[in-house]
Amino acid sequence: MAGRQGLGSYREGLGGRTGVLLLSRDPLALGGQLLGRPRPTWRRMTQEQCPHRNNVQSTEKPQVYKVGIYGWRKRCLYFFVLLLMILIVVNLALTIWILKVMNFTIDGMGHLRITDRGLKLEGDSEFLQPLYAKEIQSRPGSPLFLQSSKNVSVNILNEKKQLVSQLIAGSRGVHARGKMLEVKSSTGKLLFSADDHEVVVGAERLRVMGAEGAVFSSSVETPHVRAEPFKELRLESPTRSLYMEAPKGVKIEADAGDFQATCRSDLRLESKDGEISLDAKKIKLLRLPEGKASPSGSRQTVFEVCVCPNGKLFLSQAGTGSTCQISNNVCL
């Protein structure tokens, strides 16, 4: 073959023919060229002179190598690519729908807006977990509305996580717990305060609207008790005694009405160091017993007031002299 007879071969077109260049594999020929010997003679053979080469080329078929994925692997790959595209499109559509429904914007999400001063909620908001905030404010000109199906609790804890103050507003009422409770006016004036020692009412007037009035289980200390204009003032103890004591005196005054003291047992006016003065145009002692010295049939219309040794008063028919000694049988 041509490859065995020389180091290489080439094809050259010579008048429509194909020539084969044969190079000798003899080392002496190459060595002679290097040693300055005469160059070997190149022989040029045509394609017709090498019939065996044509036979070799005609018998050998060109081999085709397939590059890529074919068959069921190719179909599976296309199926997975199509499925991935469908998932991407569905995911993108759901993302756009969620952004649209939740009202996502650059400033926030839904009714929630992020501002320089903090978070801003517009409309009704519901918190399913505890909310921790330093300050909660409503919009200017709008009230702050808190709604709960059970109760609203406000707890104040100290540094040791212990409960100090508590306010619970529920269906059963409003319960407050703390060391002190204060209510002040818009000007800072104390209206009401309560602690373990006392309860202070700082308003100018305390009004009790109940029909039964005010009930005090213990003593009441006040400098002045008066009724509303054109209203009656009643101090009543239905089942027990009523005591009014003062170290310097008790003054009972009715400028435009009557003063009436009614009791079921005894009414006692006692002055240990002073006197009791009844200053009026008329003093009437009704239903006093009458003392009779003798069964005389004269109709006496003038009586004198007599006092028994035990302090009891009675009436005795007046005479030229005192008849109290004669008619003192009432004192018995």
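What you see below is based on every heavy atom in this structure, not just the backbone, and it leaves out hydrogens, waters and symmetry mates. Position 1 is the first residue of the sequence, and the numbers go up from there. These numbers come from a predicted model, not from an experiment.
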**Q** So, does N310 use its side chain to make a donor-acceptor pair with the main chain of K312 at under 3.5 Å?
**A** yes
**Q** In terms of hydrophobic clusters joined by side-chain contacts under 4.5 Å, are I98 and V101 together?
**A**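 Yes: a chain of side-chain contacts under 4.5 Å links I98 to V101.
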**Q** Applying a strict under-4.5 Å side-chain criterion to I, L, V, M, F, W and Y, I'd like to know whether V201 and L190 cluster together.
**A** no
**Q** I'd like to know whether CZ of F192 has more than 12 heavy-atom contacts from other residues, nucleotides or ligands below 6.0 angstrom.
**A**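 Enclosed: over 12 neighbouring heavy atoms sit under 6.0 Å from CZ of F192.
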**Q** Return the OG to CG distance between S186 and L191, rounded to the nearest 0.5 Å.
**A**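 Answer rounded to 0.5 Å: 9.0 Å.
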**Q** Passes side-chain contact (heavy atoms from CB on, under 4.5 Å), V152 versus I168? Steps please.
**A** CA-CA 6 Å; V152 177; I168 301 176; over 6 Å; no
**Q** Can you name the closest pair of heavy atoms from S316 and C324 and give their distance?
**A** OG-N, 4.2 Å
**Q** If we check side-chain contact (heavy atoms from CB on, under 4.5 Å) with L167, which of these qualifies: N155, V174, I156?
**A** V174
**Q** Minimum heavy-atom separation for T95 and N91, please, with both atom names.
**A** OG1-O, 2.7 Å
**Q** What I'd like to find out is whether the side chain of L163 reaches to under 4.5 Å of the side chain of L157, using heavy atoms alone.
**A**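 Sidechains of L157 and L163: in contact.
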**Q** Answer yes if L181 and L206 sit in the same cluster of Ile, Leu, Val, Met, Phe, Trp and Tyr residues linked by side chain heavy atoms under 4.5 Å apart, and no otherwise.
**A**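 Yes, because L181 and L206 connect within a single hydrophobic cluster, where side-chain heavy atoms sit under 4.5 Å apart.
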**Q** With rounding to the nearest 0.5 angstrom, report the CG to CG distance, L87 to L82.
**A**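 CG of L82 is found 9.5 Å from CG of L87.
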**Q** Nearest heavy-atom pair of S277 and E275: which atoms, and what distance?
**A**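 For S277 versus E275, the nearest heavy atoms are OG-OE2, 3.6 Å.
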**Q** Do you reckon L94 sits in the same ILVMFWY cluster as I86, going by side-chain contacts under 4.5 Å, direct or chained?
**A**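 Looking at the clustering, I86 is in the same group as L94.
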**Q** About how many Å separate CG of L235 and CG of L233, when rounded to the nearest 0.5 Å?
**A** 5.0 Å
**Q** Working to the nearest 0.5 angstrom, can you tell me the gap between S193 OG and E198 CD?
**A**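 Answer rounded to 0.5 Å: 6.5 Å.
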**Q** Is L313 reachable from F303 through a run of I, L, V, M, F, W or Y residues, each pair having side-chain heavy atoms under 4.5 Å apart?
**A** yes
**Q** For the atom pair OH (Y78) and CZ (R73), what is the distance rounded to the nearest 0.5 Å?
**A** 14.5 Å
**Q** Can you measure from CD (E221) to CZ (F216) and round to the nearest 0.5 angstrom?
**A** 12.5 Å
**Q** What do you reckon, is CE of M180 surrounded by more than 12 foreign heavy atoms closer than 6.0 Å?
**A**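 Yes, enclosed.
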**Q** Taking the side chain as every heavy atom from C-beta outward, state whether E204 and K189 have any pair of such atoms under 4.5 Å apart.
**A**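 When only atoms from C-beta onward are counted, K189 and E204 do touch, with a gap below 4.5 Å.
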